[in-house]
Number of protein chains: 2
Amino acid sequence: MTPKKIGSGRRGRGRPQSFDREQTLCAAMRLFWDRGYDGTSFDDLIAAMGISASSFYNAFGSKEALYQEAIDAYLKVAGAWFFAALQEDTDTRTAFLHLMTAAAAEFTRDDLPSGCMIAVAATQCAPAQTRLRDLLASQRTRSEAEMTDRLRRGIAAGDLPADTDIEALAAFYGSLLRGMAVQARDGASRARLLEIARIAMQAWPVTQELHPPETLPHSYAQSP
Amino acid sequence: MTPKKIGSGRRGRGRPQSFDREQTLCAAMRLFWDRGYDGTSFDDLIAAMGISASSFYNAFGSKEALYQEAIDAYLKVAGAWFFAALQEDTDTRTAFLHLMTAAAAEFTRDDLPSGCMIAVAATQCAPAQTRLRDLLASQRTRSEAEMTDRLRRGIAAGDLPADTDIEALAAFYGSLLRGMAVQARDGASRARLLEIARIAMQAWPVTQELHPPETLPHSYAQSP
DNA sequence: TTTTTTTTGGTGTCATCACTCCACAAATCC
DNA sequence: GGATTTGTGGAGTGATGACACCAAAAAAAA
């Protein structure tokens with residue numbers, strides 16, 4: 001049941017797996033990313049992965065199981081920029097600026113499908129696919145919780161007003177990210193997404209750190 | 001071929017249509033809205049509409065044709081608040097505030113499916129459904145153009161800085177709306193969406209009315 | 001070599017899908 | 001009433017969906 005990892009020390013007894021599991025998983029991920037779960041047929045999958053139906057079931061179990069693995073792979077490989085931005089060692093505002101900027105860049109890469117695999121997936125689906133829908137929704141919730149945590153740390157670090165509604169602010173940036181993913185899917189350019197990100201940062205709560213009293217608007221009136 | 005309109009003056013020769021076309025179309029719209037095109041099966045459709053398969057094809061032609069009609073119906077009936085907000089006779093900022101507020105309310109009605117039928121539909125789909133995908137994408141483009149127009153009128157009316165990047169601003173609010181639709185689908189409360197809308201309005205470009213020029217240097221509005 | 005494991009191709013299954021056809025019932029006009 | 005038009009239920013269509021099974025080949029460890 002436990003699939004042997006290829007090329008990592010321990011070797012099984014029989015004929016080794018002739019395909020790179022990670023590589024075929026990646027191919028499946030791209031297809032799912034581009035077409036969604038429903039839009040990706042079994043035949044398309046094994047064709048893109050370059051393996052036979054039997055090998056497919058042997059290695060991945062089912063289409064749904066593969067999809068779950070593909071999501072994990074997406075989070076690890078393609079979604080790394082998200083967590084990286086939130087763990088950056090900067091002030092909170094800069095972290096979110098980088099997050100939005102990275103999103104604009106990542107959503108419009110020409111070596112990967114546009115947009116995000118998770119952001120808007122399975123929001124409308126047949127009742128039979130409640131499992132997948134919940135899975136995707138919980139991933140979205142998780143990524144928003146990740147942002148909330150970063151904001152909380154910002155308050156602790158003192159670079160965000162203590163009375164900031166961090167859940168709402170995380171929901172705001174979460175919404176933006178999802179909307180940007182749709183824009184990217186619809187063909188928006190990277191420049192356009194960067195503009196959106198720039199505007200989004202205007203909504204950042206005003207802090208003492210970023211705008212010290214002497215640079216606040218009212219004192220500008222008296223500078224030469 | 002042209003379907004007779006029920007109860008409107010001219011009457012055909014044979015047996016009249018026994019169902020209200022508008023009503024059955026509305027039922028189909030709700031189903032498509034909730035489950036998407038793929039997620040809605042033919043059998044589910046005729047069950048919800050309360051008509052037979054024959055009547056269905058007689059009246060609507062095909063599933064895809066019905067979907068297009070459903071989108072038109074959605075725009076006229078359920079999406080009316082969008083156009084209404086943009087045609088409101090107020091200043092531009094208030095119009096967009098009302099737009100976002102209305103979205104928060106409309107996306108979380110308990111008498112209709114949550115979210116938006118168009119906002120995030122068919123972003124990931126099988127290659128065979130390029131037609132639908134393009135149809136939805138063009139509707140999204142159109143709604144964004146509608147916002148751009150309103151912003152343009154705002155500049156003409158002088159309540160928006162003349163150098164505002166109105167396309168980018170429209171894309172920003174368009175992204176937000178789509179993201180909010182996803183949030184609503186994932187179960188976000190109306191209060192949460194209203195919070196997002198509130199934060200989004202913080203990004204509104206600085207205007208003379210709100211911040212007289214002598215108290216706000218232009219550099220304040222640009223990102224680092 | 002034997003054993004073990006995984007490969008491949010092909011064929012079959014069972015369900016669902018969107019759609020179609022048909023015979024006939026019902027409602028309106030002449 | 002007869003003609004005309006549209007309704008209905010129900011059975012059937014071909015296509016596609018995701019699998020499942022099988023036999024035989026291949027490759028490596030024992």
Side-chain angles (χ1 to χ4, degrees), chain A residues 1-25 28 31-32 35-70 125-129 131-132, chain B residues 1-21 23-24 28 31-32 35-70 125-129 131-132:
Chain A
M1 275 297 117
T2 325
K4 310 286 189 311
K5 247 198 131 185
I6 203 169
S8 76
R10 293 284 330 123
R11 170 126 292 182
R13 284 229 338 160
R15 174 174 173 175
Q17 217 169 29
S18 64
F19 56 90
D20 183 351
R21 199 173 188 280
E22 219 171 314
Q23 195 173 308
T24 54
L25 178 58
L31 217 55
F32 278 134
R35 306 181 180 180
Y37 182 78
D38 273 334
T40 309
S41 80
F42 183 79
D43 290 346
D44 290 342
L45 273 176
I46 59 173
M49 298 166 83
I51 60 175
S52 71
S54 321
S55 303
F56 176 90
Y57 285 104
N58 206 0
F60 299 102
S62 73
K63 187 187 169 186
E64 192 175 330
L66 174 65
Y67 188 67
Q68 301 205 32
E69 277 202 63
C125 64
Q129 291 173 334
R131 279 176 49 88
L132 280 183
Chain B
M1 275 300 115
T2 326
K4 309 290 188 309
K5 246 198 133 186
I6 203 169
S8 76
R10 291 291 323 128
R11 173 128 286 190
R13 270 185 49 113
R15 172 178 174 175
Q17 214 169 32
S18 63
F19 56 90
D20 183 352
R21 197 172 190 282
Q23 196 173 306
T24 54
L31 217 56
F32 279 136
R35 307 181 180 180
Y37 182 78
D38 273 334
T40 309
S41 80
F42 182 78
D43 290 347
D44 290 342
L45 273 176
I46 59 173
M49 299 165 83
I51 60 175
S52 69
S54 323
S55 303
F56 176 92
Y57 283 103
N58 207 359
F60 299 102
S62 73
K63 186 187 170 186
E64 192 175 331
L66 174 66
Y67 188 68
Q68 301 204 32
E69 277 202 63
C125 64
Q129 293 173 331
R131 280 175 48 90
L132 280 183

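Reminder, nothing fancy here: chain letters follow the sequence lines and each chain counts from 1.
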What is the ring orientation for B:Tyr67 with B:Tyr37, classed by angle as parallel under 30°, tilted 30 to 60°, or perpendicular over 60°? perpendicular
I'd like to check the side chain to side chain donor-acceptor pair (under 3.5 Å) partners of A:Gln68; sequence neighbours left out, ordered by chain and number. none
The side chain to side chain donor-acceptor pair (under 3.5 Å) partners of B:Gln23 (sequence neighbours excluded) come to none
Does anything in residues 49-70 of chain B form a salt bridge (charged side-chain N to carboxylate O under 4.0 Å, His left out)? List the pairs, not counting sequence neighbours. B:Arg21-B:Glu69, B:Glu64-B:Arg131
Can you list every salt bridge (charged side-chain N to carboxylate O under 4.0 Å, His left out) pair that touches residues 49-58 of chain A, not counting sequence neighbours? none
So which nucleotide does C:dT3 pair with, by the Watson-Crick or G-U wobble rule with both distances under 3.5 Å? D:dA28
Once you apply a heavy-atom cut-off of 4.0 Å, does B:Phe56 come out as touching a base, just sugar-phosphate, or nothing? nothing
Expected rows: protein N/O vs nucleotides 7-11 of chain C N/O, under 3.5 Å:
residue, atom, partner, partner atom, Å
C:dT7, OP2, A:Asn58, ND2, 3.4
C:dT8, OP2, A:Ser52, OG, 3.3
C:dT8, OP2, A:Ser55, OG, 2.3
C:dG9, O6, A:Ser54, OG, 2.8

Which residue pairs pass the side-chain hydrogen bond (donor to acceptor under 3.5 Å, both in side chains) test when at least one of the two sits in residues 42-62 of chain A, sequence neighbours left out? A:Arg35-A:Asp44, A:Ser41-A:Asp44, A:Ser52-A:Ser55
Heavy atom of residues 39-49 of chain A under 4.0 Å from DNA chain D: which residues? A:Thr40, A:Ser41, A:Phe42
The criterion is side chain to side chain contact (heavy atoms under 4.5 Å, CB included); which residues satisfy it with A:Ala53, sequence neighbours excluded? A:Phe42, A:Ile46
What is the distance from CG of A:Asp38 to P of C:dC17, rounded to the nearest Å? 11 Å
Starting from C1' on D:dG7, measure out to CZ on B:Arg21 and report it in whole angstrom. 15 Å
Distances under 3.5 Å only, N/O to N/O: pair up the protein atoms with those of nucleotides 1-3 of chain C.
none

